[in-house]
Amino acid sequence: MTQDLTYFKNFGEQVEQRLNKLSQFEQPYPPRVKRQHTAAEAIKLFEVAEAKVTEESSESPVIEVEVAGRLVTMRVMGKSTFAHIEDGTGRIQIYARKNDLGNERYNELKKSIDLGDFIAVQGHLFRTRTGEISVHLVDFQLASKAIHPPPEKWHGLKDTEIRYRQRYLDLSVNPEVRDVFVKRSKIISATRQYLDERSFLEVETPTLQAIYGGALARPFTTHHNTLDMDLFLRISDELYLKRLIVGGFEKVYEICKDFRNEGISTKHNPEFTMMECYWAYADYQDMMRLTEEMIAYVAQTVNGTMIINYNGREIDLTPPWRRLNLAEGIKEHTGIDIFESYGDVDALWAACQAKSLKLSPQPSWGKLVDELLGEYLEPTIVNPTFIHTFPVDVSPLSKQSPDDPRMVERFEMFVAGMECGNAYSELNDPIIQRQRFLEQQAYGQADKEAHAMDDDYVLALMQGMPPTGGLGIGLDRIIMLLTDQKSIRDVILFPHMRPQA
RNA sequence: GAGCCGUUAGCUCAGUCGGUAGAGCAAUUGCCUUUUAAGCAAUGGGCCGUGGGUUCGAGCCCCACACGGCUCACCA
């Protein structure tokens with residue numbers, strides 16, 4: 001070996017010691033090793049055989065197995081050694097004796113195999129004195145050498161920075177973290193299953209968009225070199241999904257990453273997973289029923305119950321969920337009747353000041369109403385609630401309420417003080433839609449998050465879009481609720497981090 | 001963007017009043033043939049986040065910066 005190991009030796013004493021051991025192996029990273037059983041399979045085999053044997057005779061069953069995994073504990077006791085190896089199905093104990101392996105192999109196991117290494121073992125199953133099913137070793141091979149020592153076996157890995165930056169360590173050593181991500185996968189599967197069973201068509205729409213839209217947020221910008229044009233990473237896929245409704249698909253959905261160039265917090269990651277679905281001939285009321293049924297279904301499927309425990313509070317997801325009119329809710333919690341100052345941000349601001357409400361100034365009446373919602377309504381909500389009927393000016397893509405043109409048929413879904421979804425009866429009138437975009441341009445002077453003009457989308461609406469209900473759900477937040485995690489970083493495998501110092 | 005807290009051995013953490021750096025696990029060397037946080041004995045291992053400052057002397061006090069966490073702000 002003439003490799004330059006200087007880089008690796010800088011990692012310290014323990015890495016250097018492992019490098020020395022590594023050089024003793026002809027094949028520290030063999031192309032393959034024999035593996036016939038997982039840890040769980042081996043244990044099951046023995047339990048089944050044992051049950052048969054005790055019925056028929058009293059002899060212990062003889063079962064040869066070949067298992068492989070990462071060495072996670074090792075107890076060397078002179079001429080015999082106990083250890084545990086771990087694979088994707090769990091742990092199994094191995095037992096090695098000098099008598100069985102011979103001096104050379106036994107010493108190799110003792111001296112050259114380290115915690116963290118992957119090994120393959122062959123032997124027969126037996127039960128130890130303390131009753132643990134174990135593999136009595138006949139032979140073993142190194143499957144892959146770990147030249148960096150693993151984290152501590154008892155306390156695991158706690159340092160949040162290392163846990164997020166080196167998630168593989170977090171996963172390998174903290175089983176409860178593995179559980180969260182297994183459940184995440186099941187939640188997304190269950191969501192798909194729910195929609196697939198109802199004939200929603202899963203589609204894929206562009207991540208790179210020339211005009212960003214479908215939400216009020218700031219985008220990430222990128223550049224296409226050959227076309228020499230700026231493009232945006234999608235902040236939403238809404239406008240593309242609705243083009244598909246125009247095209248005649250009556251139920252579509254997409255589960256994808258959206259990207260928003262905004263603050264990072266325990267509830268916000270710059271890229272996050274969104275589920276959006278659109279349903280022709282449905283309205284926002286139908287979307288409420290769809291939402292509560294879907295979330296309840298997902299909870300029941302992955303947790304076996306519609307009751308969740310989040311942050312120490314019990315929350316019942318059983319439908320139907322509470323419906324709360326936005327204006328009524330604000331009146332109830334602040335005493336302010338938003339309609340008394342309709343459309344007049346200064347008048348509403350004055351009313352709020354008169355009641356000494358703590359609010360930040362907002363560029364428009366609708367935004368101030370939204371601020372009231374965020375400050376005085378949202379934090380009070382524990383059990384799932386649909387807050388519905390929003391101001392027009394913060395809802396440029398929603399259809400107006402027929403009985404009150406100042407408001408739109410829209411709801412947001414809240415659970416545990418957290419906004420988890422947004423839905424409306426889709427605006428399908430191209431003339432009003434273009435007018436709404438123009439109004440957004442006017443707000444845009446004071447508001448960086450105003451919706452951009454999108455004439456190509458208006459062109460789509462000119463072909464006619466049936467009455468349609470649409471829904472967007474922040475899946476990461478649903479996963480937080482169903483796995484009882486307080487930070488979105490704990491449900492995203494590789495959350496965004498600054499470059500290391 | 002603001003405030004608060006944190007950063008010490010591979011990991012989990014102590015570190016008193018400012019006086020030459022500690023434990024457990026992990027590692028190395030012995031002993032140990034049914035252990036399971038194995039046990040016993042010995043040993044090695046430190047850019048105390050980085051850079052300045054105060055001081056005879058700084059892990060500790062002061063300033064700046066970096067990274068992380070929480071809260072707030074921003075934000076569906």
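Heavy atoms only: backbone and side chains are in, while hydrogens, waters and symmetry mates are out. Naming: A, B, ... by sequence-line order, numbering from 1 per chain.
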Notebook entry, point to check: Taking OP1 and OP2 of G30(B), is either one under 4.0 Å from a side-chain nitrogen or oxygen of Lys111(A)?
Noted result: yes
Item checked: Donor-acceptor pair between Lys399(A) and Asn428(A) side chains, under 3.5 angstrom -> yes
Item checked: Whole-Å C1' distance, G46(B) and A26(B) -> 16 Å
Check: With rounding to whole Å, what would you report as the distance between G1(B) and G19(B) at their C1' atoms?
Finding: 42 Å
Check: Say you draw a straight line from OH of Tyr278(A) to CD1 of Ile245(A); how long is it, rounded to the nearest 0.5 Å?
Finding: 9.0 Å
Item checked: Greater than 12 external heavy atoms within 6.0 Å of Glu104(A)'s CD -> no
Notebook entry, point to check: Glu371(A) has a side chain; which of C11(B), C74(B), A26(B) sits nearest to it?
Noted result: C74(B)
Notebook entry, point to check: With rounding to whole Å, what would you report as the distance between A58(B) and G18(B) at their C1' atoms?
Noted result: 6 Å
Checklist line | Aromatic ring pairing His124(A)/His136(A), orientation class (parallel under 30°, perpendicular over 60°, tilted between) | finding: parallel
Next item on the list: Output the single nucleotide from U35(B), A73(B), C70(B) whose closest atom is nearest the side chain of Ser265(A).
Entry: A73(B)
Check: Just checking Gly374(A): base, sugar-phosphate only, or nothing, at a heavy-atom cut-off of under 4.0 Å?
Finding: nothing
Notebook entry, point to check: Do Ser80(A) and U34(B) have a side chain to base donor-acceptor pair shorter than 3.5 Å?
Noted result: no
Item checked: Any Arg498(A) side-chain nitrogen or oxygen under 4.0 Å from OP1 or OP2 of A66(B) -> no
Note to self: Does a side-chain N or O of Arg97(A) approach OP1 or OP2 of U33(B) to a distance below 4.0 Å, or not?
What the structure shows: no
Note to self: To the nearest 0.5 Å, what is the distance between CG on Leu377(A) and CZ on Phe414(A)?
What the structure shows: 7.5 Å
Check: Can you tell me how far P in C11(B) sits from the matching atom in C48(B), rounded to whole Å?
Finding: 15 Å
Item checked: Whole-Å P distance, C65(B) and C72(B) -> 24 Å
Margin query: Given G45(B), G68(B), C11(B), identify the nucleotide with an atom nearest to the side chain of Glu13(A).
Written below: G45(B)
Check: Once you round it to whole Å, what is the distance between P of C70(B) and CD1 of Ile264(A)?
Finding: 12 Å
For nucleotides 37-39 of chain B, tabulate all protein N/O to nucleotide N/O atom pairs closer than 3.5 Å, reporting atom names and distance.
{"residue": "A37(B)", "atom": "O3'", "partner": "Lys153(A)", "partner atom": "NZ", "Å": "3.2"}
{"residue": "A37(B)", "atom": "N1", "partner": "Trp154(A)", "partner atom": "NE1", "Å": "3.3"}
{"residue": "A38(B)", "atom": "OP1", "partner": "Lys153(A)", "partner atom": "NZ", "Å": "2.1"}
{"residue": "A38(B)", "atom": "OP2", "partner": "Arg75(A)", "partner atom": "NH1", "Å": "3.3"}
{"residue": "A38(B)", "atom": "N6", "partner": "Val76(A)", "partner atom": "O", "Å": "3.3"}

Notebook entry, point to check: From G10(B), C67(B), U33(B), pick the nucleotide closest to the side chain of Arg165(A)?
Noted result: C67(B)
Margin query: With a cut-off of less than 4.0 Å, is there a side-chain N or O of Thr81(A) near OP1 or OP2 of U33(B)?
Written below: no
Next item on the list: Using the P atom on both, measure C47(B) against A38(B) and round to a whole Å.
Entry: 29 Å
Notebook entry, point to check: Can you find a donor-acceptor N/O pair under 3.5 angstrom joining the side chain of Glu161(A) to the base of U7(B)?
Noted result: no
Margin query: Between Lys21(A) and U28(B), is there a contact of a side-chain N or O with OP1 or OP2 at under 4.0 Å?
Written below: yes
Check: Considering only the C1' atoms, how many Å lie between G59(B) and A9(B), rounded to the nearest integer?
Finding: 14 Å
Next item on the list: Check every strand shown and say whether Tyr95(A) touches a base, only sugar-phosphate, or nothing at a heavy-atom separation below 4.0 Å.
Entry: base
Notebook entry, point to check: Would a distance-only check, ignoring hydrogens and angles, find a side-chain to backbone donor-acceptor pair under 3.5 Å from His451(A) to Gly214(A)?
Noted result: yes
Checklist line | Asp114(A) vs Ser360(A), nearer the 5' end of RNA chain B by closest nucleotide | finding: Asp114(A)
Checklist line | Arg184(A) to Phe181(A) six-membered ring, cation-pi geometry met (6.0 Å, 45°) | finding: no
Margin query: For a quick check of understanding: with a heavy-atom distance under 4.0 Å over all strands, which category does Glu378(A) fall into, base, sugar-phosphate or nothing?
Written below: nothing
Margin query: Assess whether a salt bridge exists between Glu86(A) and Arg70(A), defined as any Lys/Arg side-chain N lying under 4.0 Å from an Asp/Glu carboxylate O.
Written below: no
Next item on the list: Measure from the side chain of Thr160(A), starting at C-beta and using heavy atoms only, and say which of C11(B), U33(B), G68(B) lies closest.
Entry: G68(B)
Next item on the list: Name the residue closer to the 5' end of RNA chain B, choosing between Val394(A) and Met497(A) according to the nucleotide with the nearest heavy atom.
Entry: Met497(A)
